[in-house]
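Here is the structure we will look at.
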Amino acid sequence: VHWTAEEKAAITSVWAKVNVEQDGHDALTRLLVVYPWTQRYFSSFGNLSNVTAISGNAKVKAHGKKVLTAVGGAIQHLDNVKKHLADLSKSHALKLHVDPENFKRLGEVLVIVLASKLGSAFTPQVQAAWEKFIHVLVAALSHGYF
Ligand code: HEM
């Protein structure tokens, strides 16, 4: 993947504003509410029966932070995302059995969380760079399935 200097700047400057705990919680909550079938992977998390339960669930919060911390790690390795996420991809494929279509969904809700957080600073160019990054992220996480 080739990144222009502008794309890298768009990705890292947005990331500098991210709060992995709060924004991770928001993104995972959205995933579980908007795509309720994703709840099946988190049966050990307890009550996910409605929006209030999901957004108040401490395990959802802790896990959202973990997921966004991993996204931050990928941003620190933009030139080598596939290799950086190889083990995580393998564990989602072989141990967690997550349908890789769900990576796209998480990417989509993350973009929405960032857009609503940044407002007008999330310009079309910034969104374009993020969509490209999400594509690279999803491809890297899906790589261990093949
Ligand atoms: C675990 C990252 C997408 C389901 C994890 C862990 C990380 C992570 C860092 C912890 C792994 C460990 O402790 O060894 C990510 C990233 C994603 C992503 C970066 C996409 C951007 C998804 C999706 C699902 C999912 C879409 C399901 C819909 C799980 C489950 C666990 C897990 C069930 C184990 C949770 C537990 O029992 O603690 N993920 N994940 N992940 N992930 Fe993902």
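Each ligand, and each atom within it, is numbered from 1 in the order the structure gives.
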Who's closest to atom 3 (C) of ligand 1 heavy-atom-wise, of Phe42, Tyr41, Tyr35, Phe103?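 Closest candidate by heavy-atom distance is Phe103.
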
Selected option - heavy-atom contact closest to atom 25 (C) of ligand 1, from Val138, Val67, Val98: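 Considering heavy atoms of Val138, Val67, Val98, the nearest to atom 25 (C) of ligand 1 sits in Val98.
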
Do Phe103 and His92 have ring centroids that are under 6.0 Å from one another?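 Yes; Phe103 has its ring centre under 6.0 Å from that of His92.
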
How far is atom 13 (O) of ligand 1 from the closest protein heavy atom, and which atom is that?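 Checked against all protein heavy atoms, atom 13 (O) of ligand 1 sits closest to Lys66 NZ, 4.0 Å.
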
Residue and atom name of the nearest protein heavy atom (relative to atom 1 (C) of ligand 1), distance in Å to one decimal: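 Ranked first by proximity to atom 1 (C) of ligand 1 is His63 CE1, 3.2 Å.
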
Verify the contact flag for atom 31 (C) of ligand 1, where contact means a protein heavy atom under 4.0 Å away.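 Protein heavy atom within 4.0 Å of atom 31 (C) of ligand 1: present.
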
Under-4.0 Å heavy-atom contact between protein and atom 42 (N) of ligand 1: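 There is a protein heavy atom less than 4.0 Å from atom 42 (N) of ligand 1.
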
Of all the atoms in ligand 1, which lie at a distance below 4.0 Å from a heavy atom belonging to [X]?
X	value
Leu137	21 (C)
Leu106	3 (C), 17 (C), 18 (C), 20 (C), 21 (C)
Leu141	17 (C), 20 (C), 21 (C)
Asn102	26 (C), 28 (C)

NZ/NE/NH1/NH2 to OD/OE distance under 4.0 Å, Arg105 and Glu101: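 Looking at Glu101 together with Arg105, the answer is yes, because their closest N to O distance falls below 4.0 Å.
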
Interatomic spacing from OG in Ser55 to CG in Asp26 - rounded to 0.5 Å: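 Output value for this atom pair is 9.0 Å.
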
Pick one: which of Trp37, Phe45, Phe42, Tyr41 meets side chain to side chain contact (heavy atoms under 4.5 Å, CB included) with Leu32?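 Among the candidates, only Phe42 passes.
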
Measure from atom 43 (Fe) of ligand 1 to each N, O or S atom of His92 and report whether any distance is below 2.8 Å.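 So His92 counts as coordinating atom 43 (Fe) of ligand 1, yes.
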
Please tell me whether Val109 and Phe133 are part of a single hydrophobic cluster in this structure, the criterion being side-chain heavy atoms less than 4.5 Å apart.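 Cluster IDs for Val109 and Phe133 match.
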
Side-chain contact test, heavy atoms from C-beta onward, threshold under 4.5 Å: evaluate it for Asp79 versus Lys8 and give yes or no.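 In contact.
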
Residues, nucleotides or ligands: over 12 heavy atoms within 6.0 Å of Lys117 NZ: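 More than 12 within 6.0 Å, yes.
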
